[in-house]
Amino acid sequence: MDEFQLIRRYFAGLTPPAPGLVLGIGDDAAVLDWPAERQLVVSTDTLIAGRHFPEATSAYDVGWKALAVNLSDLAAMGAEPVAGLLALTLPAVSDDWLQDFARGFGGLAERHGLCLIGGDLTRGPLSLTVTVIGAVPRGQALTRAGARPGDRVLVTGTLGDAALALRQGPGSPLRARLDRPEPRVAAGLAARGRASAALDLSDGLAGDLRHVLAASGVGACIEVDRLPASSPFERQGLSTAERRALQLAGGDDYELCLCVPPAQEAALREALAPLRLSAIGQITAEPGLRFVDGQGQPLDLPYEGYRHF
Ligand code: ADP
Ligand code: MG
């Protein structure tokens with residue numbers, strides 16, 4: 001099968017049509033109508049085998065995760081997913097692999113109403129670049145700037161699961177949290193107009209939160225014992241130091257970190273229920289990121305986020 005047949009077989013028609021789609025897969029580029037009252041929110045992320053996912057990851061999970069990490073960026077902006085592009089580099093073509101991959105990618109795309117409108121297919125070491133296009137009402141994108149002293153720092157879901165799964169290897173009870181992260185798209189939409197700042201946690205809270213602090217010109221105090229953990233995570237018998245390292249600097253959480261004025265917190269909780277939303281600290285006027293224990297005693301923790309360079 002040549003490249004065009006592969007695209008037709010596995011990718012054309014994989015996802016539901018986007019509103020405003022004029023021309024999708026098959027021409028030199030896609031064409032979308034865009035209403036004047038909406039802004040387009042665009043993001044791209046590359047996943048490389050052996051670096052962003054273990055080489056042995058199933059094709060289904062690779063497809064899922066490549067889209068999930070991109071949807072997570074749209075979620076962090078409070079954007080509604082609209083369309084996506086997929087640039088896929090494969091060492092060899094296998095029907096089984098492509099079929100599973102397309103199911104993983106397509107299943108998640110369908111759940112979030114994202115239409116695959118184009119991409120690329122090349123031969124080489126396995127890597128994937130997904131570009132997503134989302135929409136927000138004009139001026140309403142959530143950004144990293146805007147956090148104010150007194151805002152509560154909230155996180156969705158639980159932290160540390162994926163990092164622990166990576167450390168435990170293939171048999172980990174938390175494996176799905178590493179291979180199939182749930183992008184918090186609905187939470188991002190609900191946070192629009194309520195949160196003062198937001199970002200998604202991909203490289204670990206300790207590093208990622210610093211981006212919000214820098215962009216907003218504020219500091220934060222985080223109560224480390226309040227970081228939410230899943231029950232399987234709790235059952236692993238981790239030491240306090242191990243637990244903190246995984247939750248603060250492990251990465252791959254794909255939860256949202258939201259800064260929220262206290263007056264908005266109840267409404268946000270109600271909008272997000274039953275999704276777990278944990279208050280983990282406060283934004284401060286004093287710059288810098290401080291960690292404290294349950295008694296408010298300062299902790300000297302060395303964590304930064306994951307850095308590629
Ligand atoms: P060109 O040579 O003009 O760049 P391609 O051969 O790369 O075109 O792609 C042909 C069409 O198929 C384009 O519309 C492109 O967006 C689409 N396409 C290519 N690869 C993929 C893919 N992996 N998933 C979805 N669409 C794809
Ligand atoms: Mg091309």
Side-chain angles (χ1 to χ4, degrees), residues 1-35 38-75 77 79-135 179-183 185 200 202 254:
M1 228 186 295
D2 71 21
E3 164 191 347
F4 305 103
Q5 289 170 313
L6 289 170
I7 293 163
R8 263 200 305 278
R9 168 168 301 185
Y10 295 107
F11 299 115
L14 177 65
T15 54
L21 183 67
V22 178
L23 196 53
I25 292 173
D27 214 301
D28 291 311
V31 180
L32 276 174
D33 273 328
W34 205 260
R38 304 220 291 178
Q39 283 175 319
L40 193 140
V41 179
V42 193
S43 181
T44 195
D45 256 322
T46 294
L47 271 72
I48 309 227
R51 176 163 304 248
H52 299 94
F53 55 89
E55 307 262 4
T57 305
S58 74
Y60 183 98
D61 291 342
V62 171
W64 177 288
K65 189 164 184 177
L67 181 56
V69 305
N70 278 278
L71 287 173
S72 180
D73 283 317
L74 289 185
M77 301 299 289
E80 177 192 336
V82 175
L85 296 113
L86 164 66
L88 184 55
T89 303
L90 292 175
V93 165
S94 133
D95 269 317
D96 284 351
W97 196 93
L98 275 167
Q99 203 164 345
D100 281 358
F101 173 87
R103 275 200 309 120
F105 187 101
L108 187 62
E110 193 164 345
R111 279 165 62 158
H112 292 285
L114 176 134
C115 174
L116 183 63
I117 61 170
D120 201 12
L121 191 56
T122 53
R123 189 186 292 268
L126 178 59
S127 91
L128 309 94
T129 299
V130 173
T131 302
V132 284
I133 299 171
D179 290 337
R180 288 187 296 282
E182 266 311 326
V185 173
D200 71 318
S202 52
Y254 299 105

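Here the structure is a predicted model, which is why all the values come from computation and not from measurement. All values below come from the heavy atoms of this structure, side chains included, with hydrogens, waters and symmetry mates left out. Whatever order the structure lists them in is the order used to number ligands and atoms, beginning at 1.
- Heavy-atom proximity to D27, at under 4.0 Å, picks out these atoms of ligand 1: 11 (C), 13 (C), 14 (O).
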Report task. Test side-chain contact (heavy atoms from CB on, under 4.5 Å) on I48 and F53 and set out the steps. Result -> CA-CA 7 Å; I48 309 227; F53 55 89; over 6 Å; no
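- Of all the atoms in ligand 1, the ones that sit under 4.0 Å from a non-hydrogen atom of E3 are 6 (O).
- Close contacts of ligand 1 with F11, meaning ligand atoms under 4.0 Å from a residue heavy atom, involve 22 (C), 23 (N), 24 (N), 25 (C).
- The closest approach between any non-hydrogen atom of Y10 and ligand 1 is not below 4.0 Å.
- Salt bridge annotation for R8-E3: absent, with no cationic side-chain nitrogen under 4.0 angstrom from a carboxylate oxygen.
- Across every non-hydrogen atom of L32 and I133, the tightest pair is CD1-CD1, 4.4 Å.
- Geometrically, ligand 1 and G24 share no nitrogen or oxygen pair separated by less than 3.5 Å.
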Give the table of side-chain donor-acceptor pairs shorter than 3.5 Å for residues 12-28, with sequence neighbours excluded, one pair per line with atom names and distance.
from : atom 1 : to   : atom 2 : distance (Å)
T15  : OG1    : L116 : N      : 2.7

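- Taking distance alone, with nitrogen or oxygen atoms compared against 3.5 Å, F4 stays at or beyond that limit from ligand 1.
- L40 places a side-chain heavy atom less than 4.5 Å from the side chain of V42.
- In the vicinity of D28, heavy-atom distances shorter than 4.0 Å reach the ligand 1 atoms 3 (O).
- The heavy atom nearest to atom 23 (N) of ligand 1, considering only I7, L121, D120, V130, is found in D120.
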Let me have the donor-acceptor pairs involving side chains of residues 84-96, under 3.5 Å, with sequence neighbours excluded, atom names and distances please.
from : atom 1 : to   : atom 2 : distance (Å)
T89  : OG1    : T122 : OG1    : 2.9
S94  : OG     : D96  : N      : 3.4
S94  : OG     : W97  : N      : 3.0
D95  : OD1    : Y10  : OH     : 2.1

